[in-house]
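Comments concern the structure below.
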There are 2 protein chains.
Amino acid sequence: MAGIDRSLVADVPIFAGLAPEQIDKLLQEAQSVRYPKGTNVFQQEEEAHSFFVLLHGHLRVFKLTPDGQQVVVRFVAPGELFGVAMAIGRKTYPATATAVVDSIALVWPSTAWPRLVATHPGLAVNTLQTVGRRLEDAHTRVVEMSTEEVERRIAHTLLRLAQQAGRKIEAGVQIDFPITRQDVAEMTGTTLHTVSRVLSAWESQGLVAGGRQRIMIRDPHKLLLLAEGAHD
Amino acid sequence: MAGIDRSLVADVPIFAGLAPEQIDKLLQEAQSVRYPKGTNVFQQEEEAHSFFVLLHGHLRVFKLTPDGQQVVVRFVAPGELFGVAMAIGRKTYPATATAVVDSIALVWPSTAWPRLVATHPGLAVNTLQTVGRRLEDAHTRVVEMSTEEVERRIAHTLLRLAQQAGRKIEAGVQIDFPITRQDVAEMTGTTLHTVSRVLSAWESQGLVAGGRQRIMIRDPHKLLLLAEGAHD
DNA sequence: CGGGTCGTTGAGGTCACTCAACTCCAGTGG
DNA sequence: CCACTGGAGTTGAGTGACCTCAACGACCCG
């Protein structure tokens with residue numbers, strides 16, 4: 001495996017504040033692995049053998065309930081750390097990660113984690129902040145599911161997706177990876193039918209534009225008003 | 001302020017694996033503060049001046065929505081770390097913590113955190129695991145709210161409360177602090193009316209026993225069956 | 001050109017919320 | 001000691017947001 005260029009990870013927050021030589025050393029221990037669209041990077045309940053940084057592509061992380069329902073935990077964008085089960089003291093992955101498009105990730109063996117944090121103390125601090133932000137996201141989601149009706153939850157979810165993975169185009173903000181109504185339903189705790197109805201209504205008002213596995217936000221401002229509770 | 005006895009925190013997970021002298025040093029920097037029932041330890045949006053370990057009592061941590069609704073994030077039990085906003089990179093507290101009974105906490109100034117983790121590397125690792133466990137809890141809650149109807153959510157919540165703060169008594173497991181139907185409603189994303197109806201039904205079946213701000217689980221096994229989806 | 005995934009839309013049903021009235025303590029103050 | 005007040009809990013009736021069930025249409029890919 002060829003060496004991995006430091007510039008690839010210059011903007012990866014997990015490495016923030018580390019010296020260039022330190023980053024080089026970390027990269028030397030990593031493998032770069034390709035995950036074709038549709039394949040799993042890791043699976044729920046599986047032993048947490050590795051942790052990862054996504055270099056390219058997008059992943060869908062979801063949990064499977066005992067009765068077979070899926071709940072989307074989040075989508076992973078390039079530059080993000082994921083699969084840190086071991087770091088938070090778990091033996092197995094709590095969810096499954098699937099590539100929604102062809103993706104590439106840096107892979108470290110989980111066994112290296114204790115040594116890496118021992119030699120690079122900044123790593124634990126950065127990871128703590130990353131996990132902390134995810135905790136906040138999860139709490140935000142709990143609050144929304146507890147207090148908002150479906151339409152507002154969908155609006156908030158789309159705005160968040162646009163922020164994390166939006167690509168500005170002349171007609172609006174495109175969500176930069178294939179995403180289905182079912183996905184949105186599994187992020188908001190509703191059904192694909194309800195999502196479809198809501199998006200159809202919004203489309204006829206010029207708020208969003210759809211397509212197969214595509215969502216574009218044409219009027220973020222109006223959508224935000226909806227999300228924040230404006231009735232009409 | 002008198003010195004704080006090391007034995008008080010012997011079982012506090014956040015200090016696990018630290019040498020006794022290290023723990024002593026950490027304790028020297030802490031203050032022990034009393035919070036009478038009903039008072040706030042910290043408030044949402046307030047500057048994150050301190051972080052804490054609860055020594056005695058119970059706290060109710062909740063988020064306030066813009067329109068005034070409350071959502072209970074969790075209850076803090078003795079031995080737990082809380083208020084770590086600064087450690088996860090926040091300037092302000094994301095929620096409010098209120099003492100539900102007279103409580104005592106160890107208090108460190110947030111400014112000491114960077115120095116403490118630098119001198120005690122185990123601290124960051126332990127905190128990472130604590131925050132990670134909380135992230136899992138939050139995700140569990142999201143999954144439950146997405147896929148389970150109210151009755152099962154309430155059952156799961158009671159079982160979790162019993163595990164975290166249950167006191168075994170001859171007739172069952174008492175939840176060890178005052179908790180209202182409203183609290184349970186705010187943990188499960190429902191209304192106090194629905195919680196009251198469900199608990200009344202369960203009480204008549206001998207599953208639980210109630211009282212003003214009291215919940216006791218008389219038949220944990222049957223409750224678990226309900227939580228796991230047994231229909232009747 | 002078939003088969004499967006994805007999306008749309010209608011009709012009907014229902015779970016849980018809203019609104020409302022009432023009861024029962026616990027604590028306070030006269 | 002008792003009246004008073006407010007927080008907590010119970011329970012009923014009605015409604016509505018959303019789910020379920022169902023059928024169909026559109027698109028992609030081999």
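Values reported hereafter were calculated over all heavy atoms of this structure, with side chains retained and with hydrogens, waters and symmetry mates removed. In what follows, chains are A, B, ... by sequence order, proteins preceding strands, each numbered from 1.
At dC19(D), one or more side-chain N or O atoms of Thr191(A) fall inside 4.0 Å of OP1 or OP2 (strictly under the cut-off). Applying the 4.0 Å criterion to OP1 and OP2 of dC18(D), one finds that Thr190(A) has every side-chain N and O outside that range. Taking only side-chain nitrogens and oxygens, Ser196(A) never comes nearer than 4.0 Å to OP1 or OP2 of dT9(C).
Side-chain proximity of Val150(B) to dT8(C), dG9(D), dA16(C): nearest is dA16(C).
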Please assess Tyr93(A) against Val61(A) for the test side-chain contact (heavy atoms from CB on, under 4.5 Å), listing each intermediate value before the final yes or no. CA-CA 11 Å; Tyr93(A) 296 111; Val61(A) 182; over 6 Å; no
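A salt bridge is absent between Glu80(B) and Arg133(B); no separation between the charged side-chain nitrogens and carboxylate oxygens falls under 4.0 Å. Asp137(B) has no carboxylate O lying under 4.0 Å from a charged side-chain N of Arg74(B), or vice versa, which leaves the two without a salt bridge.
The base of dG7(C) does not come close enough to the side chain of Arg197(A) for any donor and acceptor atom to sit less than 3.5 Å apart. For a distance-only test at 3.5 Å, the side chain of His193(B) qualifies as a donor-acceptor partner of the base of dT11(D).
Rounded to whole Å, atom C1' of dG13(C) lies 16 Å from atom CD of Glu149(B).
DNA chain C is contacted by both Lys37(B) and Glu151(B); Glu151(B) maps to the nucleotide lying nearer its 5′ end (nearest heavy atom per residue).
If you check residues 204-220 of chain B against DNA chain C, the residues with a heavy atom closer than 4.0 Å are Arg212(B), listed by number.
For Arg90(A), the CZ atom sits in a packed shell: over 12 heavy atoms of surrounding residues, nucleotides or ligands are nearer than 6.0 Å. More than 12 heavy atoms of other shown residues, nucleotides or ligands fall within 6.0 angstrom of atom CD in Glu46(A).
Using a 4.5 Å cut-off on side-chain heavy atoms (C-beta onward), Trp202(A) and Leu158(A) make contact.
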